[in-house]
Amino acid sequence: MTADRVLAAVLLLGAAVYLGVLVPEVGRAQSALGSGDFYTVGPTALPTFAGTMMAIFAVAVLLMGRRTAPEVPFTQGLGGGLIFAAAVAAAAVLLPRIGFLPASVLFLAVVFALFRAKWWVALILTIVLPVVIDQILRKVFPVPLPGAALF
């Protein structure tokens, strides 16, 4: 078994435990404290979505055929992964300080620059995605997002 399949199996097991044990416990704890009224879809909607996506991706990796690792440029290999992880960490640090919208725009700009997306696609997605996600999270799922003075 290859390393990617071993990791996928471990992540699938972790997703099963997460979805089967930890997510239901969040719902029980919120209802026991009486603080579950804030959520219109229940306090377990987003954790369930995250665990389900992890399980789907793990199954997809397990079902993929064996592939060889081609020679790739730095931004697509381990170096690109490390730079992406640093960008995620920087976005997490900036998010509460400058707000959701500016942090999301900066994060997407870095990601699109790193992976050399077409400039017009990057520009459209960098502007549209944060606004759409902000509105969905604020209006559909009343999730309080960090704000800044202008946002």
Side-chain angles (χ1 to χ4, degrees), residues 2-19 22-23 26-27 30 35-151:
T2 61
D4 55 349
R5 288 188 176 192
V6 170
L7 181 60
V10 169
L11 290 175
L12 183 61
L13 179 64
V17 170
Y18 180 76
L19 288 169
L22 298 176
V23 172
V26 168
Q30 288 292 331
S35 60
D37 296 339
F38 175 78
Y39 297 94
T40 58
V41 294
T44 60
L46 295 177
T48 300
F49 175 74
T52 302
M53 292 307 295
M54 177 63 73
I56 289 170
F57 291 142
V59 168
V61 170
L62 284 172
L63 295 178
M64 285 176 51
R66 183 175 171 90
R67 55 196 166 104
T68 59
E71 290 296 320
V72 294
F74 178 76
T75 57
Q76 294 178 359
L78 179 61
L82 293 175
I83 293 172
F84 182 77
V88 169
V93 169
L94 286 176
L95 191 65
R97 289 169 178 72
I98 66 172
F100 176 78
L101 285 174
S104 299
V105 167
L106 288 172
F107 173 74
L108 288 175
V110 167
V111 169
F112 289 134
L114 176 67
F115 293 105
R116 296 183 184 100
K118 293 190 184 288
W119 70 269
W120 58 273
V121 173
L123 181 66
I124 292 170
L125 291 178
T126 298
I127 294 170
V128 171
L129 275 179
V131 172
V132 169
I133 291 171
D134 179 74
Q135 290 304 304
I136 289 172
L137 290 178
R138 288 183 195 271
K139 306 291 186 206
V140 178
F141 307 103
V143 175
L145 296 172
L150 299 174
F151 300 98

Partners meeting side chain to side chain contact (heavy atoms under 4.5 Å, CB included) with [X] (sequence neighbours left out):
X: L129; result: L108, L125
X: W120; result: K118, I124
X: L123; result: W119, I127
X: V59; result: L12, L63

Please name the pair of heavy atoms, one in [X] and one in [Y], separated by the smallest distance, quoted to 0.1 Å.
X: A92; Y: P96; value: O-CD, 3.2 Å
X: L101; Y: P130; value: CD2-O, 3.4 Å
X: G51; Y: A15; value: O-CB, 3.8 Å

- Taking side chain as C-beta onward, heavy atoms only, is V111 less than 4.5 Å from T126?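 Side chain of V111 against side chain of T126, heavy atoms only: no contact under 4.5 Å found.
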- Please name all residues satisfying ring pair (Phe, Tyr, Trp, His ring centres under 6.0 Å) with F84, sequence neighbours left out, ordered by chain then number.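 Testing F84 for ring pair (Phe, Tyr, Trp, His ring centres under 6.0 Å), a comparison that skips the adjacent residues, returns F107.
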- Message: Go through it in stages, so that I can follow the logic: the residues are L106 and I98, the test is side chain to side chain contact (heavy atoms under 4.5 Å, CB included), and I'd like the CA-CA distance, side-chain angles, deciding distance and then a yes or no.
- Response: CA-CA 11 Å; L106 288 172; I98 66 172; 3.9 Å; yes
